[in-house]
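All values below come from the heavy atoms of this structure, side chains included, with hydrogens, waters and symmetry mates left out.
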Amino acid sequence: MPRQMCWLASFGGNEQKILHLRTSPHEAWRPYTAFPQYAAPDYQIPRGSKGWATYQKLRQAGWVLVSSQEETASQCEELSSSKLAQSA
């Protein structure tokens, strides 16, 4: 399975989205800065997207972009399921 990228809010809220990575589908998403071996230095553009340079580099290397809407919905379902399991 190809490695994956997704634009997600830092803390799951409405903050500006930054690039998140995972090297296999069963792993949790982590910010691109947690992967120094893959990250490229950010462009020095005011209010620029955090991780855009890394996205461009990894896209050329064959990484796959995953829809942030699908991942946000999936994370909400997982959170709801875990809360239900804890309350049971």
Determine the minimum heavy-atom distance between [X] and [Y], stating which atoms define it.
{"X": "Ile18", "Y": "Pro31", "value": "CD1-CB, 4.0 Å"}
{"X": "Lys57", "Y": "Gln37", "value": "NZ-O, 4.2 Å"}
{"X": "Arg3", "Y": "Thr23", "value": "CG-O, 3.8 Å"}

State, yes or no, whether a side-chain contact exists between [X] and [Y] at a heavy-atom distance under 4.5 Å.
{"X": "Leu8", "Y": "Lys17", "value": "no"}
{"X": "Arg59", "Y": "Leu65", "value": "yes"}
{"X": "Trp29", "Y": "Cys6", "value": "yes"}
{"X": "Phe35", "Y": "Leu58", "value": "no"}

Item to complete: Please check if the side chain of His26 supplies one atom and the backbone of Ser24 the other of a donor-acceptor pair under 3.5 Å.
Response: no

Worksheet item: So, does Lys50 use its side chain to make a donor-acceptor pair with the main chain of Leu19 at under 3.5 Å?
Response: no

Discussion item. Once salt bridge (Lys or Arg N to Asp or Glu O under 4.0 Å) is applied, what residue pairs with a partner in residues 22-36 remain, sequence neighbours excluded?
Written reply: Arg22-Glu71

Fill in: All side chain to side chain contact (heavy atoms under 4.5 Å, CB included) counterparts of Ser49, not counting sequence neighbours
Trp7, Trp52

Discussion item. For the aromatic rings, using the six-membered ring if either is Trp, is the centroid distance between Trp63 and Tyr55 under 6.0 Å?
Written reply: no

Fill in: Gap between atom NE2 of His20 and atom OG1 of Thr54 - 0.5 Å precision
12.5 Å

For residues 40-47, tabulate all N or O donor-acceptor pairs below 3.5 Å that involve a side-chain atom, not counting sequence neighbours.
unit_1 : atom_1 : unit_2 : atom_2 : d
Asp42  : OD1    : Tyr32  : OH     : 3.0
Asp42  : OD1    : Gly51  : N      : 3.0
Asp42  : OD2    : Tyr32  : OH     : 2.5
Tyr43  : OH     : Gln56  : OE1    : 2.5
Gln44  : NE2    : Asp42  : O      : 3.3

